[in-house]
Amino acid sequence: MNTPEPPDPLAGLEQAAHLHSLAERIHHAADDLPAPESTHSLASISEEVEDQVRVIAGLFTSLASEAACHSRAAKRHPNAAASFARHKIALMTRAADPLGWALAKLGETVSQIGHLQEISTDPRTPERAKAIGAARAALDNRLASAHAHLSSAAGNLHRDADRLIASAAATRRAPAPPSAERNRPPTALPLPPTASRPLR
């Protein structure tokens with residue numbers, strides 16, 4: 001995907017900072033998920049999952065709002081920088097897909113938590129122990145998958161932001177276009193001043 005040239009280098013840096021900030025928020029959400037094979041109680045894991053579902057859903061809502069806001073603004077106020085702004089929104093909203101998958105996996109995690117809560121009250125039998133082990137393994141698998149989707153989203157945003165920074169730096173290093181004076185053909189250049197001749 002070709003990166004449109006920013007209207008000025010500062011615009012590219014601002015967009016990159018926005019992407020880096022979003023990436024960091026997603027990374028934090030991933031890091032705050034319960035670790036697979038955690039020794040925490042099921043009640044503690046449930047609360048941690050609840051917190052991160054709320055955070056990730058908020059991030060997902062923010063992306064949808066950004067896209068809708070840009071669409072309204074572009075319709076009302078088209079301008080020369082629209083192409084670059086659209087590219088920035090496209091980069092941001094690419095994170096919506098892995099965020100959605102992460103939410104889906106956390107939904108499956110919640111389902112496994114409910115299943116574990118149910119079977120944990122059954123009489124202690126080998127079958128119960130086997131069922132708890134299988135449900136716990138499924139829960140850990142869903143948590144690991146959610147973490148992987150979040151890490152992928154954040155990593156892609158960081159890489160896209162780095163490309164915007166590189167593009168902005170290249171724009172700043174580009175030589176200034178030659179002046180009109182240097183571009184004029186030799187016949188159009190001003191003649192050098194001549195010494196005045198004494199009157200006779």
Side-chain angles (χ1 to χ4, degrees), residues 1-38 45 48-75 78-112 137-174:
M1 181 188 299
N2 293 329
T3 302
E5 186 172 328
D8 62 74
L10 285 180
L13 295 177
E14 289 172 2
Q15 308 290 40
H18 197 170
L19 294 182
H20 273 311
S21 175
L22 176 60
E24 283 302 310
R25 291 168 66 192
I26 296 174
H27 260 315
H28 286 310
D31 290 343
D32 289 339
L33 284 175
E37 301 181 10
S38 170
I45 291 174
E48 292 172 10
V49 168
E50 177 191 15
D51 288 343
Q52 295 318 305
V53 165
R54 188 178 298 112
V55 170
I56 296 164
L59 290 168
F60 198 89
T61 301
S62 295
L63 292 178
S65 297
E66 285 270 6
C69 182
H70 173 76
S71 294
R72 290 190 294 268
K75 185 176 180 180
N79 55 60
S83 176
F84 186 69
R86 283 195 300 270
H87 183 65
K88 175 243 186 176
I89 293 297
L91 294 179
M92 287 181 59
T93 53
R94 280 171 56 191
D97 189 51
L99 282 179
W101 281 108
L103 277 174
K105 292 302 177 182
L106 289 178
E108 294 175 15
T109 300
V110 172
S111 177
Q112 291 300 323
L139 184 150
D140 290 340
N141 176 270
R142 278 24 171 219
L143 285 173
S145 183
H147 188 281
H149 285 300
L150 293 173
S151 296
S152 173
N156 287 337
L157 286 168
H158 275 308
R159 284 188 289 274
D160 289 335
D162 289 342
R163 281 193 284 270
L164 285 176
I165 291 173
S167 177
T171 301
R172 296 180 70 176
R173 289 194 302 266

Check your understanding: So do Ile45 and Thr109 actually touch side chain to side chain, heavy atoms under 4.5 Å?
Key -> no
Practice item. Could you tell me which non-hydrogen atom of Ile56 sits nearest to which non-hydrogen atom of Ala29, and how far apart they are? Key: CG1-CB, 4.1 Å
Check your understanding: Do Leu106 and Arg142 come close enough that some side-chain heavy atom pair is under 4.5 Å?
Key -> no
Review point. About how many Å separate CD of Gln52 and CG of Leu33, when rounded to the nearest 0.5 Å?
Key: 5.5 Å
**Study point:** Ion pair check, Arg54 and Asp51, cut-off under 4.0 Å
**Key:** yes
Review point. Between atom CG of Asp160 and atom CG of Leu22, what is the distance when rounded to the nearest 0.5 Å?
Key: 11.0 Å
Practice item. Kindly compute the distance separating CG (Leu63) from CE (Met92), expressed to the nearest 0.5 Å. Key: 5.5 Å
Check your understanding: Is the backbone N or O of Ala57 less than 3.5 Å from a side-chain atom of Thr61, with the two atoms forming a donor-acceptor pair by type?
Key -> yes
Review point. Considering only heavy atoms from C-beta outward, does the side chain of Leu150 approach that of His147 to under 4.5 Å?
Key: no
**Study point:** Side-chain (Ser21) to main-chain (Ala17) donor-acceptor, under 3.5 angstrom
**Key:** no
Point to revise | CG-CD1 distance between Leu99 and Ile26, expressed to the nearest 0.5 angstrom | key: 4.5 Å
**Study point:** Steps toward side-chain contact (heavy atoms from CB on, under 4.5 Å) verdict (Asp162, His20)
**Key:** CA-CA 9 Å; Asp162 289 342; His20 273 311; 3.2 Å; yes
**Study point:** Atom of Ile165, atom of Ala16 and distance for their closest heavy-atom approach
**Key:** CG1-CB, 3.5 Å
Point to revise | For the student: nearest non-hydrogen atoms of Ala161 and Leu19, plus distance | key: CB-CB, 3.8 Å
Practice item. Go through the steps to decide whether Gln15 and Leu91 satisfy the test side-chain contact (heavy atoms from CB on, under 4.5 Å), and finish with yes or no. Key: CA-CA 10 Å; Gln15 308 290 40; Leu91 294 179; over 6 Å; no
Point to revise | Distance-minimising heavy-atom pair for Leu143 and Pro34 | key: CD1-O, 3.7 Å
**Study point:** Heavy-atom side-chain proximity of Ile89 to Glu66 below 4.5 angstrom
**Key:** yes
Check your understanding: What pair of heavy atoms forms the shortest contact from Val53 to Leu103, and how long is it?
Key -> O-CD2, 4.0 Å
Review point. Which pair of heavy atoms, one from His27 and one from Gly155, lies closest together, and at what distance?
Key: NE2-N, 4.4 Å
